[in-house]
There are 2 protein chains.
Amino acid sequence: MAAKANPVPSVWTRQQSPPDQPALSRTAIVREAVVMLDADGIEALSMRKLGARLNAGATSLYRHVATKDELMELAVDEVAAEITVPPADAARGGAGWRAAATEAAGSFRATALRHPWLSSVLGQAGLAYLGPNLMSYSERLAALFTAAGFPEPSRAIDTLLSYVIGMSTTEAAWLTTVARSGDSEGDFIARLMPAAQQAAADHDHLAEAYADAAVRAPVDPVALRDAKFTYGLEVVLDGLEMRLTA
Amino acid sequence: MAAKANPVPSVWTRQQSPPDQPALSRTAIVREAVVMLDADGIEALSMRKLGARLNAGATSLYRHVATKDELMELAVDEVAAEITVPPADAARGGAGWRAAATEAAGSFRATALRHPWLSSVLGQAGLAYLGPNLMSYSERLAALFTAAGFPEPSRAIDTLLSYVIGMSTTEAAWLTTVARSGDSEGDFIARLMPAAQQAAADHDHLAEAYADAAVRAPVDPVALRDAKFTYGLEVVLDGLEMRLTA
DNA sequence: AGGGGTTGCGAACACTGTGCGCGTCTGCGT
DNA sequence: ACGCAGACGCGCACAGTGTTCGCAACCCCT
C-alpha cells in the first residue's frame, strides 16, 4: 500500500508516516463484504471488487480469510448479530412467551429481508452455525423456550425456525427478483399477471384465485406479505401452545 | 457432431444414417443436468462438462437453452414432477385431510433430500414457479385444501409449505456438508462434537443440551431427523386444524 | 437441384477464485 | 541503535467459468 500511495519512488517523495487507514483486518473485510452484498447482491461480490473497495489487491484478502466460502460464513455470522431475542424473563409465567416468540420471529424475518443474500447462502450453509453470534442466538432462543416451559424446547425451536426460515427465504428470493427487474413490487406483479394467468389457464383452482385477485382492489403488497407471515406464525404458535399446556 | 464422428471427410467414410443418439434436445439436456446435479452437487455443473456428457460442445447447448439460469429453472421444474399430492377426494369429509397433507409434505421432503441442490436454488429462485410441473403441483395442493374445507386454502398452503421448505432446505444443506466431508453422518457428527461443545462452552442451555446428547446412547441420525420433521409437521397441522373447525 | 432454416462447434472475451514468490514494513530482543 | 524474523500486501499466472459470434454442415421442402 505504501508503494501505491507513493507512485514516484524516490527518497524525496516518500511520506514519512502517513496517518494510514486502519489497514486491512478481518473484521474490516467482513464488514465491507456485507455492505457490498447488501448493495448489489450475492453474485456481485468478487474478491477483486472487494479488495478494490478496501484499497487493496484481491489476493491481499487471503492473508485474513482462508477462502471465499469462509468469508461468506463470517458474513452470515456478522449479520446474525442483528437478530434480537427477548430476554427469557419475558416468557416466565406462561403469559408472555407468545409475544416474545412473535418478536423473535419478526426480528429474524426483518434481518433476512434486510440482507436478502442470506437466503441464497443458507441453502449451501457450510458450518456457519458455529459462529459466535449464531451460537449466542441459539442460546437465547433456548433460554426463552425453556423459560416458557416447553418440555422439549429444541423441538419447539426447530419447528418455529423452520417456518420462519422457509417463509423468509421465499420472501427474500421474491424480493430479489423484483429488485433485479427494476420495477416496484406492484408494477412487477402487474407485469407478471398475464403470464401467470396464462400458465394457470388449465388449472381450475389457480385460475379462480388469480381471477379473484384481479377483481379485488389492488392491495399493498407489503401489507399482504406481512399478513401472510403473521397468519402462518399464529398457526405455528397455536400448535406449539398445545404442547405447552398439555 | 457429425463432423466429429467423421474426421476424414469423404463419401465413403460417412455413416449414412447412424442410429444417432437422440441428438441434442432441451429435454435431454435438462435430464442430464439433473443427473449431474444429483451426482456431484451444484458447483460441479458447468456448461462445458454438461456438454461433454452429451457428446457435444459447451456452446451447442445454447441452441436449446437461453442461459444457465434458465437451465436451472428447467431443472427445478423437472424434479418438481416427482412431488406427489394425494387426490382431493381423500380430504373430503374432513377426516382424511391430515393424512393427505402429511403425505404431501413427506413427498416434498423426500424429493428435496433426493435432490439436495434444490435447496441452493430455491434461495435465488428466478421464476421457476411458473413451470408447468410446479403449476400443476400448486393446483393439486389447492384442490386438496379446498376440498378439506379451509376458508383460506392459499393461506394454509403457504404456512405448510413454508415449514416444509424451511425444514427440508436446512436438512438438505446439512446432508450436503456431510457428504462433502466423506464421512458417514454418524462419524461426521462425532467428529464435529468437540468443536460444537467448545463453541457452546459459554452458553448454559446449549452446553447442557450437548452434554445430554453425549450421555444418551447414540441414536440413528436418520430416525432423529425423521422424528424432528414429523414433530414440527404435527405442530403445524394442529394449528391448521383449529382454523378448519372454527 | 437448390436454397433456407436449423443445429453444432471452435475461438475468443471478460471474469472468476486462488497459489506462489517477491518486496516492504513493523516490532521485538538485544 | 541495530538487526532480524515474521507479518503483510501485491503482481503474475493458472485453470476454469458463462456467454457471443461467425462459420460450417446438415435436413427438409419446394
Side-chain angles (χ1 to χ4, degrees), chain A residues 1-11 13-29 32-33 36-37 40-75 124 126, chain B residues 1-11 13-29 32-33 36-37 40-75 124 126:
Chain A
M1 213 215 64
K4 186 189 229 164
N6 188 22
V8 184
S10 145
V11 210
T13 64
R14 191 181 64 231
Q15 358 184 346
Q16 202 88 334
S17 76
D20 236 356
Q21 36 235 86
L24 217 44
S25 80
R26 188 158 160 138
T27 66
I29 290 175
E32 189 66 25
M36 289 188 65
L37 285 167
D40 301 320
I42 196 168
E43 75 274 359
L45 179 71
S46 83
M47 298 304 268
R48 289 183 231 265
K49 286 183 204 152
L50 177 56
R53 281 260 202 151
L54 295 160
N55 293 22
T59 62
S60 309
L61 307 175
Y62 284 90
R63 292 278 173 194
H64 307 266
V65 157
T67 175
K68 194 190 181 185
D69 286 348
E70 183 182 305
L71 172 63
M72 293 304 286
E73 291 187 24
L74 291 169
Q124 8 221 119
Chain B
M1 210 215 68
K4 185 190 228 163
N6 189 22
V8 184
S10 143
V11 210
T13 64
R14 190 181 66 228
Q15 352 185 351
Q16 201 90 332
S17 74
D20 235 357
Q21 32 239 86
L24 217 44
S25 80
R26 188 157 160 142
T27 66
I29 292 175
E32 189 66 24
M36 289 187 65
L37 286 168
D40 301 319
I42 198 170
E43 75 274 358
L45 178 71
S46 84
M47 298 303 269
R48 289 183 231 266
K49 287 184 204 150
L50 178 55
R53 281 261 202 151
L54 295 160
N55 293 23
T59 63
S60 308
L61 306 175
Y62 284 89
R63 291 281 171 193
H64 307 267
V65 157
T67 175
K68 193 189 182 186
D69 287 347
E70 181 182 306
L71 173 64
M72 293 304 285
E73 291 188 24
L74 291 170
Q124 6 221 122

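Heavy-atom basis, side chains included; hydrogens, waters and symmetry copies ignored. Residue numbers begin at 1 in each chain, while the letters A, B, ... track the order of the sequences. The model shown is predicted, which means the values in this text are computed figures rather than measured ones.
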For A:L50 and A:I29, the nearest pair of non-hydrogen atoms, with its separation, is CD2-CG2, 4.1 Å

Looking only at heavy atoms, the pair that brings A:M47 and A:L71 closest together is SD-CD2, 4.2 Å

Of the listed nucleotides C:dC9, D:dG11, C:dG21, the one nearest the side chain of A:T59: D:dG11

Tell me: CG of A:L24 to P of D:dC10, nearest whole Å?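 That distance rounds to 7 Å.
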
Between D:dG18 atom P and B:M72 atom CE, what is the distance in whole Å?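 In whole Å, D:dG18 P lies 11 Å from B:M72 CE.
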
Given C:dC9, C:dT7, D:dT20, which nucleotide is nearest the side-chain atoms of B:Y62?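 Of the options given, the side chain of B:Y62 lies nearest D:dT20.
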
Nearest whole angstrom, please: distance from the P of C:dG8 to the CG of B:L61.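 Roughly 9 Å, once rounded to whole Å.
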
In whole Å, what is the span from the CD atom of B:E70 to the C1' atom of D:dG18? 14 Å

State, yes or no, whether a side-chain contact exists between B:L24 and B:R63 at a heavy-atom distance under 4.5 Å. no

For a quick test of reading the model: is some side-chain N or O of A:H64 closer than 4.0 Å to OP1 or OP2 of D:dG9?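 For D:dG9, OP1 or OP2 has a side-chain N or O of A:H64 closer than 4.0 Å.
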
Of all heavy-atom pairs between A:H64 and A:R26, which one has the smallest distance, and what is that distance? O-NH1, 3.4 Å

Hey, can you pull the residues of residues 42-52 of chain B with a non-hydrogen atom under 4.0 angstrom from DNA chain C? B:R48

Calculate the interatomic distance between A:I29 atom CD1 and C:dG17 atom P; express it in whole Å.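 Checked: the CD1 to P distance equals 14 Å.
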
Could you report the tightest heavy-atom contact between B:L54 and B:A28, atom names first, then the distance? CD2-O, 4.3 Å

If you find the nucleotide of DNA chain D closest to B:K68 and the one closest to B:R63, which residue's nucleotide is nearer the 5' end?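 Nearest-nucleotide comparison on DNA chain D picks B:K68.
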
Might you point out which heavy atoms bring A:V65 and A:E70 nearest each other, and give the distance in Å? CA-OE2, 4.0 Å

